[in-house]
*Asks:* 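Below is a structure I'd like to ask you about.
Keep in mind the model is a prediction, meaning the values are calculated, not measured. Labels below follow one simple rule: chain letters A, B, ... track the order of the sequence lines, proteins then strands, and each chain is numbered from 1.
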Amino acid sequence: MPESTNFIEEIINEDLRQGKNDGRVHTRFPPEPNGYLHIGHAKAICIDFGIAEKYNGLCNLRFDDTNPVKEDVEYVESIKEDIHWLGYDWEDRLFYASDYFERLYEYAVELIKAGKAYVCDLSPDEIREYRGTLTEPGKNSPYRDRSVEENLELFERMKNGEFKEGEKVLRAKIDMASPNINMRDPVIYRILHTSHHRTGNKWCIYPMYDFQHPLSDAIEGITHSLCSLEYEDHRPLYNWFVENVSVPSKPRQIEFARLNLNYTVMSKRKLITLVKEGLVRGWDDPRMPTLCGLRRRGYTPGSIKAFIEKIGVAKTYSVVDIALLEHCIREELNKTANRVMAVLNPVKVIIDNYPEGQVEWFDAENNPENPDAGTRKIPFSREIYIERDDFMEDPPKKFFRLAPGREVRLKHAYYITCNSVVKNSAGEIVELHCTYDPASKGGWTEDGRRVQGTLHWVSAPHAVNAEIRLYDNLFTVENPDSDDYLKYINPDSLKVLTDCKVEQSLADVPLETKFQFLRMGYFSVDYDSIPGKPVFNRIVTLKDTWAKIQNK
RNA sequence: UGGGAUGUAGCCAAGUCGGUAAGGCACCAGACUUUGACUCUGGCAUUUCGUAGGUUCGAGUCCUGCCAUCCCAGCCA
């Protein structure tokens with residue numbers, strides 16, 4: 001498997017070839033603790049930690065916690081857990097931008113002393129007006145030429161809490177006429193009389209991202225600062241700070257396209273709305289693209305990493321098909337998940353010629369893809385459940401499951417033939433009467449008879465009741481990522497089945513255990529399970545040729 | 001009408017010094033099958049690389065123009 005190098009690796013290779021950074025490669029993953037991680041972050045995590053791994057370098061975890069009004073410890077804990085769950089470790093390199101507040105303050109003072117930053121008294125509205133527009137240059141703030149001494153004094157007083165929020169800011173003195181709006185004297189410190197989740201009330205001025213990020217990178221000795229495309233315009237500013245402040249190293253920013261997935265939304269604002277409005281059951285709702293949601297759904301770290309690996313890294317805006325993610329989890333679970341039988345929509349079958357009270361125990365292989373998984377015993381008796389969809393009174397041509405007069409195989413057990421159908425007064429099928437062929441024990445005969453259909457089943461007296469939750473896309477349209485996205489929420493994204501019959505081996509299984517329910521899909525044990533009353537989440541269906549035929 | 005970026009199949013995405021369009025997903029057809037699963041085989045950009053020209057024996061790759069899409073005017077990150 002020739003792995004091709006992506007454009008980031010090519011840049012790093014070139015840097016290495018030129019002997020930059022003494023051959024070191026050091027990256028960082030810099031989340032803001034203001035929300036839960038989603039699969040888009042997983043791409044960034046895999047790239048940041050993955051690159052470090054590949055080049056024998058290091059990757060730091062650094063929280064970009066410079067906006068206390070939005071941030072919370074709840075989020076830092078969940079973020080740490082999700083990264084570990086994915087299988088990455090920052091070892092002893094857990095940092096916070098807030099660790100550097102003192103140092104960043106000193107850097108700001110340094111800029112002031114160099115005449116490269118000034119305290120500005122303009123109001124937020126005025127700053128916007130002075131900034132100009134996309135097509136017109138801005139104009140200088142009347143406070144732009146304050147003396148170094150005055151700026152020093154005012155900045156210190158800002159720090160000391162002598163001013164109200166919005167009254168003053170510290171700005172970098174760059175170029176109000178720059179075609180790049182980010183260079184038009186960006187604000188680098190603002191006053192926020194808000195307590196910070198880590199520094200408490202120690203500070204009432206907080207650095208802005210554009211100032212903090214490059215300098216934090218430099219402080220940590222980051223060599224390659226990987227981020228998403230929207231920061232491309234910020235790179236000149238990133239470099240400006242690195243070049244105009246006496247930092248210990250010179251990191252380099254490289255931008256790549258963030259991940260988008262169809263049939264879902266990825267923005268924090270939209271995700272938080274889904275949670276707060278109760279449109280899903282929480283951040284870890286199995287329909288959410290959050291890592292904790294995917295985890296609860298049953299996705300594995302391996303499948304997510306494989307997915308990220310397959311989509312590649314580039315600069316093109318793209319929307320990846322959710323089918324690729326599903327392919328990745330099927331691919332993994334096909335090899336690792338044990339097969340069991342579960343009937344989601346049961347209909348009872350009575351085998352008239354099978355002795356009442358008799359029970360036979362058949363051997364069932366746990367995973368045909370993995371002989372080491374061994375076998376288990378499953379009970380067979382006169383009354384069983386099969387899937388309602390596996391019977392049709394008046395079957396179409398290509399239907400080769402059970403129907404009146406038809407013979408099918410019960411997986412691992414016997415061939416049965418349907419003789420009669422019992423209905424209730426509403427015309428619904430209540431039970432099916434069949435006969436079995438004793439010669440087909442184990443599900444096979446020597447006479448060369450061809451039985452095309454094979455059904456899964458569960459012995460009625462041995463069955464365990466289970467709740468099974470079936471999920472579909474959260475949105476009904478491929479790209480719901482517009483302002484009226486709530487219009488496209490899929491009303492059928494969750495179907496709860498409460499009368500499912502599963503084989504007795506599933507009565508009490510550890511949370512998050514994955515199974516393949518034969519012919520039905522891959523399922524994961526939900527956190528709501530209690531012993532004797534398991535709850536399963538459908539991760540993904542099996543590929544279903546029959547469903548395709550039906551849809552034609 | 002400013003700046004930054006991107007345009008290769010339905011969706012991602014490789015395409016080194018220009019040498020005659022990787023791979024995956026999806027889809028289609030078939031084989032196999034005690035899961036209509038898995039696996040396997042074959043098909044799927046030869047008026048084609050956003051588009052129009054140009055250079056060249058030869059252009060997805062170089063040059064010029066044009067078009068389309070995305071991002072930027074938070075004291076968010």
Side-chain angles (χ1 to χ4, degrees), chain A residues 1-2 4-6 10 30-32 34 64-67 69-71 120 122-124 127-129 131-138 165-171 178-184 186-192 206 208-210 212-213 227-236 255 257 259 262 268 309-328 330-331 334-335 339 341 364-365 368-369 398-401 409-413 415 440 442-444 451-456 478 516-521 541-549:
Chain A
M1 282 204 194
S4 61
T5 56
N6 61 49
E10 274 166 22
E32 184 189 15
N34 69 344
D64 261 358
D65 55 348
T66 52
N67 185 3
V69 311
K70 286 188 176 177
E71 297 154 7
C120 183
L122 255 25
S123 72
I127 287 186
R128 193 182 322 117
E129 284 166 27
R131 186 153 37 222
T133 68
L134 294 178
T135 53
E136 303 157 29
E165 287 185 16
E167 204 175 330
K168 285 181 167 41
V169 291
L170 183 70
R171 295 226 255 166
S178 172
N180 182 342
I181 290 182
N182 295 298
M183 301 300 272
R184 317 237 262 233
V187 171
I188 61 180
Y189 262 95
R190 79 287 213 186
I191 298 168
L192 251 27
Y206 293 93
M208 297 287 288
Y209 168 87
D210 282 319
Q212 168 273 126
H213 202 91
C227 63
S228 48
L229 249 29
E230 69 260 37
Y231 292 104
E232 222 156 13
D233 288 337
H234 297 242
R235 195 182 338 130
E255 313 84 14
L259 167 65
N262 59 12
K268 280 184 184 175
E309 183 68 32
K310 284 181 198 291
I311 60 174
V313 181
K315 298 191 69 158
T316 321
Y317 172 87
S318 62
V319 182
V320 177
D321 194 337
I322 188 89
L324 182 58
L325 215 210
E326 295 179 340
H327 167 262
C328 290
R330 285 194 188 104
E331 190 175 49
N334 176 49
K335 288 180 239 156
R339 273 63 169 168
M341 295 201 283
E365 57 185 349
E369 306 290 324
K398 289 181 174 173
F399 184 86
F400 47 81
R401 277 115 92 142
R409 168 171 37 239
L410 294 176
K411 178 86 176 172
H412 304 307
Y415 294 174
S440 63
W444 189 250
V451 177
Q452 194 153 215
T454 300
L455 309 187
H456 62 279
E478 264 200 67
Q516 185 197 100
F517 288 178
L518 229 53
R519 305 204 304 137
M520 301 308 289
T541 61
L542 254 32
K543 290 223 269 181
D544 192 346
T545 306
W546 170 237
K548 274 182 196 163
I549 294 170

*Asks:* For B:G7 versus B:A13, give the span between their C1' atoms, rounded off to a whole number of Å.
*Replies:*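 About 14 Å, rounded to a whole number of Å.
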*Asks:* In terms of base orientation, is B:G74 syn or anti, with the syn window spanning 90° either side of 0?
*Replies:*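 That one's syn.
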*Asks:* So does A:Lys548 get a side-chain nitrogen or oxygen closer than 4.0 Å to the phosphate oxygens (OP1/OP2) of B:C27?
*Replies:*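 Answer yes for this pair, as a side-chain N or O of A:Lys548 is under 4.0 Å from OP1 or OP2.
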*Asks:* How is A:Glu478 classified with respect to the nucleic acid when contacts are heavy atoms under 4.0 Å: base, sugar-phosphate, or nothing?
*Replies:*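 Since no nucleic acid heavy atom lies under 4.0 Å of A:Glu478, the category is nothing.
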*Asks:* What closest approach, in Å, do A:Asn262 and A:Ile322 show between heavy atoms, and which atom pair accounts for it?
*Replies:*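 Scanning both residues, the minimum pair turns out to be OD1-N, 2.9 Å.
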*Asks:* Is A:Thr545 close enough to B:A37 that one of its side-chain N or O atoms is under 4.0 Å from OP1 or OP2 there?
*Replies:*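 Indeed, a polar side-chain atom of A:Thr545 lies that close.
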*Asks:* Between atom CG of A:Asn334 and atom NZ of A:Lys543, what is the distance when rounded to the nearest 0.5 Å?
*Replies:*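 Here the rounded value is 11.0 Å.
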*Asks:* Distance-only, no hydrogens or angles: does the A:Ser178 side chain make a donor-acceptor pair with backbone N or O of A:Asn180 under 3.5 Å?
*Replies:*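 At least one qualifying donor-acceptor pair exists.
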*Asks:* How many angstroms lie between atom CZ of A:Phe399 and atom CH2 of A:Trp546, to the nearest 0.5 angstrom?
*Replies:*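 It comes to 6.0 Å.
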*Asks:* Strictly by Watson-Crick or wobble contacts shorter than 3.5 Å, is anything paired with B:G19, and which nucleotide is it?
*Replies:*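 Checking every strand shown, B:G19 finds its partner in B:C57, with both distances under 3.5 Å.
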*Asks:* What distance, rounded to whole Å, do you find between the two C1' atoms, one in B:A26 and one in B:C62?
*Replies:*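 Looking at atom C1' only, B:A26 and B:C62 are 36 Å apart.
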*Asks:* When rounded to the nearest Å, what value does the distance between P atoms of B:U48 and B:U1 take?
*Replies:*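 Here B:U48 and B:U1 have their P atoms 31 Å from each other.
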*Asks:* What is the distance from CG of A:Leu455 to C1' of B:U33, rounded to the nearest Å?
*Replies:*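 One finds 15 Å between C1' of B:U33 and CG of A:Leu455, rounded.
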*Asks:* For A:Arg128, answer base if it contacts any base atom (sugar-phosphate contacts may also be present), sugar-phosphate if it contacts only those atoms, and nothing otherwise; contact means non-hydrogen atoms under 4.0 Å.
*Replies:*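 The residue A:Arg128 makes sugar-phosphate contact but no base contact.
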*Asks:* Counting only Watson-Crick or G-U wobble pairs whose two distances fall under 3.5 Å, which nucleotide matches B:U51?
*Replies:*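 Base partner found: B:G65.
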*Asks:* Using a strict 4.0 Å threshold on nitrogen-to-oxygen distance, state whether A:Lys70 and A:Glu32 make a salt bridge.
*Replies:*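 Between A:Glu32 and A:Lys70 there is no salt bridge, as every charged N stays at least 4.0 Å from the carboxylate O atoms.
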*Asks:* Please tell me if A:Arg339 has a side-chain N or O lying less than 4.0 Å from either OP1 or OP2 of B:A37.
*Replies:*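 The answer is no; no side-chain N or O of A:Arg339 sits under 4.0 Å from OP1 or OP2.
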*Asks:* Without decimals, in angstroms, what is the distance between A:Ile181 CD1 and B:G2 P?
*Replies:*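 In whole Å, B:G2 P lies 13 Å from A:Ile181 CD1.
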*Asks:* If you look at every strand shown and take non-hydrogen atoms under 4.0 Å, does A:His456 touch a base, only sugar-phosphate, or nothing?
*Replies:*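 The answer is nothing, as A:His456 stays clear of every strand by at least 4.0 Å.
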*Asks:* Looking at B:C76, B:U6, B:C38, which one has an atom nearest to any side-chain atom of A:Lys315?
*Replies:*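 The nucleotide sitting nearest to the side chain is B:U6.
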*Asks:* When the nearest nucleotide of RNA chain B is assigned to A:Arg409 and to A:Glu232 on a heavy-atom basis, which residue is associated with the more 5' position?
*Replies:*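 Of the two residues, A:Glu232 wins.
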*Asks:* When the distance from CG of A:Leu542 to C1' of B:C38 is rounded to whole Å, what number comes out?
*Replies:*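 Computing the A:Leu542:CG to B:C38:C1' distance gives 9 Å.
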*Asks:* To the nearest Å, give me how far apart CE (A:Met341) and C1' (B:A37) are.
*Replies:*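 Answer to the nearest Å: 15 Å.
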*Asks:* Considering only atom C1', compute the distance from B:A45 to B:C11 and round it to an integer number of Å.
*Replies:*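 One C1' to the other, the span is 15 Å.
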*Asks:* Pick the closest RNA chain B nucleotide for A:His213 and for A:Lys310 by heavy atoms, then say which residue is nearer the 5' end.
*Replies:*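 Of the two residues, A:Lys310 wins.
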*Asks:* Name the nucleic acid region contacted by A:Val320, choosing base, sugar-phosphate or nothing; use a 4.0 angstrom heavy-atom cut-off, strictly under.
*Replies:*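 Result for A:Val320 = sugar-phosphate.
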*Asks:* A:Phe400 near the nucleic acid: base, sugar-phosphate alone, or nothing, with a heavy-atom cut-off under 4.0 Å?
*Replies:*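 Contact class for A:Phe400: base.
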*Asks:* May I ask you to say what A:Lys398 touches in the nucleic acid, namely base, sugar-phosphate or nothing, with a heavy-atom cut-off under 4.0 Å?
*Replies:*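 If one applies the 4.0 Å heavy-atom cut-off, A:Lys398 turns out to touch a base.
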*Asks:* Using both distances under 3.5 Å as the test, list the Watson-Crick or G-U wobble partner of B:G2, or none.
*Replies:*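 Pair assignment: B:G2 / B:C72.
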*Asks:* Under 4.0 Å between a side-chain N or O of A:Arg401 and OP1 or OP2 of B:U35?
*Replies:*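 The answer is no; no side-chain N or O of A:Arg401 sits under 4.0 Å from OP1 or OP2.
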*Asks:* What distance do A:Arg171 atom CZ and A:Ile127 atom CD1 have between them, rounded to the nearest 0.5 Å?
*Replies:*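 Answer for the CZ-CD1 pair, A:Arg171 versus A:Ile127, is 4.5 Å.
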*Asks:* On a plain distance test, is the side chain of A:Asp233 in donor-acceptor contact with the base of B:G3 below 3.5 Å?
*Replies:*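 Such a pair exists between side chain and base.
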*Asks:* Would you check if the side chain of A:Arg330 reaches a backbone N or O of A:Thr541 as a donor-acceptor pair within less than 3.5 Å?
*Replies:*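 Yes; at least one donor-acceptor contact below 3.5 Å.
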*Asks:* Would you say a side-chain N or O of A:Thr454 is under 4.0 Å from OP1 or OP2 of B:U33?
*Replies:*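 Answer is no, no contact under 4.0 Å.
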*Asks:* So A:Pro137, base contact, sugar-phosphate only, or nothing? Heavy-atom distance under 4.0 Å.
*Replies:*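 Result for A:Pro137 = nothing.
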*Asks:* Between A:Glu71 (side chain) and A:Asn67 (backbone), is there a donor-acceptor pair under 3.5 Å?
*Replies:*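 Answer holds: yes.
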*Asks:* Tell me the interatomic distance from A:Glu255, atom CD, to B:A77, atom P, rounded to whole angstroms.
*Replies:*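 In whole Å, B:A77 P and A:Glu255 CD are 18 Å from each other.
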*Asks:* Under a 3.5 Å cut-off for both contacts, is B:A45 paired Watson-Crick or G-U wobble with anything, and if yes, with which nucleotide?
*Replies:*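 Pairing partner: none.
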*Asks:* Select one nucleotide: of B:U35, B:C12, B:C76, the one nearest the side-chain heavy atoms of A:Ile311.
*Replies:*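 The answer is B:C12.
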*Asks:* NA contact type, A:His327, heavy-atom cut-off 4.0 Å: base, sugar-phosphate, or nothing?
*Replies:*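 If one applies the 4.0 Å heavy-atom cut-off, A:His327 turns out to touch the sugar-phosphate alone, with no base involved.
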*Asks:* Rounding to an integer number of angstrom, what distance separates B:A21 and B:A59 when you compare their P atoms?
*Replies:*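 Here B:A21 and B:A59 have their P atoms 12 Å from each other.
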*Asks:* Between B:C38 and B:A73, how far is it from one P atom to the other, in whole Å?
*Replies:*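 So the two P atoms sit 47 Å from each other.
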*Asks:* From CD of A:Glu32 over to C1' of B:A77, roughly how many Å is that when rounded to an integer?
*Replies:*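 After rounding, the reported distance stands at 5 Å.
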*Asks:* With a non-hydrogen cut-off below 4.0 angstrom, is A:Ser178 in contact with a base, only sugar-phosphate, or nothing?
*Replies:*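 Touches nothing.
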*Asks:* Evaluate the side-chain proximity of A:Leu192 to A:Glu165: yes if any heavy-atom separation is below 4.5 Å, no if none is.
*Replies:*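 Of all side-chain heavy-atom pairs linking A:Leu192 with A:Glu165, at least one is under 4.5 Å.
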*Asks:* How far, in whole Å, is B:U61 from B:G3 if one measures between their C1' atoms?
*Replies:*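 Each nucleotide's C1' atom is 27 Å from the other's.
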*Asks:* Please evaluate the base of B:A77 for a donor-acceptor partner in the side chain of A:Tyr231 within a cut-off of under 3.5 Å?
*Replies:*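 Yes.
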*Asks:* May I have the distance from A:Leu518 (atom CG) to B:U33 (atom P), rounded to whole angstrom?
*Replies:*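 Nearest whole value for this atom pair: 17 Å.
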*Asks:* Using a heavy-atom cut-off of under 4.0 Å over every strand shown, decide if A:Met208 touches base, sugar-phosphate, or nothing.
*Replies:*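 The answer is sugar-phosphate, as A:Met208 gets under 4.0 Å only of primed atoms, P, OP1 or OP2.
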*Asks:* So for A:Gln516 and B:U35, does any side-chain atom that can act as donor or acceptor lie under 3.5 Å from a complementary atom in the base?
*Replies:*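 Checked by distance alone, the answer is yes.
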*Asks:* With sugar-phosphate meaning primed atoms plus P, OP1 and OP2, does A:Leu259 contact a base, only sugar-phosphate, or nothing at under 4.0 Å between heavy atoms?
*Replies:*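 Nothing: the residue A:Leu259, judged by heavy atoms under 4.0 Å, touches no strand.
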*Asks:* When you measure from the side-chain N and O atoms of A:Arg184 to the phosphate of B:G2, is any distance below 4.0 Å, counting only OP1 and OP2?
*Replies:*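 Answer no for this pair, as no side-chain N or O of A:Arg184 is under 4.0 Å from OP1 or OP2.
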*Asks:* Is the aromatic ring of A:Tyr209 within stacking range of B:A77, meaning centres under 5.5 angstrom and planes under 30 degrees?
*Replies:*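 So A:Tyr209 does not count as stacking on the base.
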*Asks:* Measuring to OP1 and OP2 of B:U35, would you say a side-chain N or O of A:Lys543 lies under 4.0 angstrom away?
*Replies:*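 Answer no for this pair, as no side-chain N or O of A:Lys543 is under 4.0 Å from OP1 or OP2.
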*Asks:* Name the nucleic acid region contacted by A:Val319, choosing base, sugar-phosphate or nothing; use a 4.0 angstrom heavy-atom cut-off, strictly under.
*Replies:*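 Result for A:Val319 = sugar-phosphate.
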*Asks:* Using a heavy-atom cut-off of 4.0 Å across all strands, would you classify A:Tyr415 as base, sugar-phosphate, or nothing?
*Replies:*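 Counting heavy atoms under 4.0 Å across all strands, no contact is made by A:Tyr415.
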*Asks:* Take atom CD of A:Glu309 and atom P of B:C25, then tell me their distance rounded to the nearest Å.
*Replies:*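 Rounding to the nearest Å, CD of A:Glu309 and P of B:C25 are 14 Å apart.
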*Asks:* Considering only the C1' atoms, how many Å lie between B:U8 and B:C49, rounded to the nearest integer?
*Replies:*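 To the nearest whole Å, 4 Å.
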